[in-house]
Number of protein chains: 2
Amino acid sequence: MLPMKSRYALKALVFLARHQVDGPVPVAGIAAAEAIPTKFLEAILLELRNAGILTSRRGPTGGYQLRVEPSTVHLGDVIRNLSGPMAPLPCLSKSAYHRCTECVDEATCAVRLLMADVHAQTLRILDGTTLAQLVARVDAAAAGEAEGQSQRCRTPDGPVSGKLDFID
Amino acid sequence: MLPMKSRYALKALVFLARHQVDGPVPVAGIAAAEAIPTKFLEAILLELRNAGILTSRRGPTGGYQLRVEPSTVHLGDVIRNLSGPMAPLPCLSKSAYHRCTECVDEATCAVRLLMADVHAQTLRILDGTTLAQLVARVDAAAAGEAEGQSQRCRTPDGPVSGKLDFID
DNA sequence: GCAAAAGCCTACCGCGTTGGTAGGGATTGA
DNA sequence: TCAATCCCTACCAACGCGGTAGGCTTTTGC
């Protein structure tokens, strides 16, 4: 499960990308628009600021604002900054690697071989997608929804999106 | 993070696939070979038995044994049975779907759009890989290791395995 | 210069899940 | 009948998650 912290952060970033021209947006405004607990969001935006993604201004007319272009914000970094490494096994994390105590031989560990693929695909998507691309996809989805789904699957430079039909 | 339950289960299944001909294998034997706490593994194998993947026999010469062919065991099902749905968001799970309370519009939710791809790829790999294939990959890795890595990347009908170089 | 609006900082906390352990009962083969 | 093995119930400590509370600091507008 993706932690609430990361979910809220992504929503807030999309919101801020949309309101770039408006100057600083106060936390309360974002919280209200996206239905996020205000004080919790406060802590999240602070972390994003410390990560260099946002800037802040205090006092009336203050608030948060993107520091960099949406096209340079990689979503994997956002999640990593807020919720730590995404590796499904400690032995697959580069930034926080450590051996699985139970692993007899890492090179031939079945679990590791399997999850390495999962991890690679996850990173390909999350680090390969920027905030700008995500905003574009939301726009496309909104357009498709409004126009009665006439233009489905218009995912720009999009991921596989094949017709998978697995459970869960 | 993949829970220990699922990791242990996968290791045990690979072990059992290797020892199919030996008849039932006692829990203690698997636990010793794979460095898994015995009583914990006991509970796990019981669940796999209730899921129809294993059979058991009691008394001396008893133990656990695969009930079905390794080529019919899909690893996604193993993980689901032991650790529940794998969806990164509740609104992406088919078996345990429920709306995110904070989600204003599900169809245009940025987080959902993004994670849907991640989830699809995860399912493609985990539900698309069988126990038999996993055993084969372990063998291939062991062979490659022994032969001084002369035959790398021989992943049979394998996943992408491109040269990704992301952090974490 | 003062009030109000906003960000910043520290501390705390209930709850559920994870990763087990303990102990014993039920079966079954030698 | 003994011992190995599976089966079942109960319990439990530790940790992370998802917040909440309360106050301090900076800045703007009047």
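Note on naming: letters A, B, ... go to the chains in the order of the sequence lines (proteins, then strands), and numbering restarts at 1 for each one.
In the hydrophobic clustering of this structure, A/Phe15 groups with A/Leu41; members are Ile, Leu, Val, Met, Phe, Trp, Tyr whose side-chain heavy atoms approach within less than 4.5 Å, directly or through other members. Linking ILVMFWY residues whenever their side-chain heavy atoms come closer than 4.5 Å, directly or via other members, places B/Ile79 and B/Ile36 in the same cluster. Residues A/Val14 and B/Leu113 do not share a hydrophobic cluster, defined by chaining ILVMFWY side chains whose heavy atoms lie under 4.5 Å apart. Grouping the Ile, Leu, Val, Met, Phe, Trp and Tyr side chains by contacts below 4.5 angstrom, directly or via other members, places A/Val138 apart from B/Val104.
To the nearest 0.5 Å, atom CG of residue A/Asp127 and atom CG of residue A/Leu75 are 8.5 Å apart. A/His74 NE2 to A/Leu126 CG: the interatomic distance, rounded to the nearest 0.5 Å, is 12.0 Å.
The main-chain N or O of B/Ala31 is never found under 3.5 Å from a side-chain atom of B/Glu34 such that the two would form a donor-acceptor pair. Counting only distance, with no hydrogens or angles, the side chain of A/Arg7 and the backbone of A/Leu2 share a donor-acceptor pair below 3.5 Å. Checked by atom type and distance alone, the side chain of A/Thr72 never pairs as donor or acceptor with a backbone atom of A/Val68 at under 3.5 Å.
If A/Arg7 and A/Lys39 are placed on DNA chain D by their nearest nucleotide, the residue sitting closer to the 5' end is A/Arg7.
Think of the region where chain B sits on DNA chain C: with heavy atoms and a 4.0 Å cut, that region ends 5' and 3' at C/dG19 to C/dG29. A 4.0 Å heavy-atom criterion places the boundary nucleotides of DNA chain D facing chain A at D/dG18 to D/dT28, written 5' to 3'.
Using a 4.0 Å cut-off between charged nitrogen and carboxylate oxygen, A/Asp117 and A/Arg112 do not count as a salt-bridge pair.
Taken residue by residue, residues 20-38 of chain B places heavy atoms nearer than 4.0 Å to DNA chain D at B/Val25, B/Pro26, B/Val27. Applying a 4.0 Å cut-off to non-hydrogen atoms, the residues of residues 42-60 of chain B that approach DNA chain C are B/Arg58, B/Gly59, B/Pro60, listed by residue number.
Partners of B/Arg67 under the salt bridge (charged side-chain N to carboxylate O under 4.0 Å, His left out) rule, at least two apart in sequence or in another chain, do not exist in this structure. Under the salt bridge (charged side-chain N to carboxylate O under 4.0 Å, His left out) criterion, B/Glu42 pairs with B/Lys39, sequence neighbours left out.
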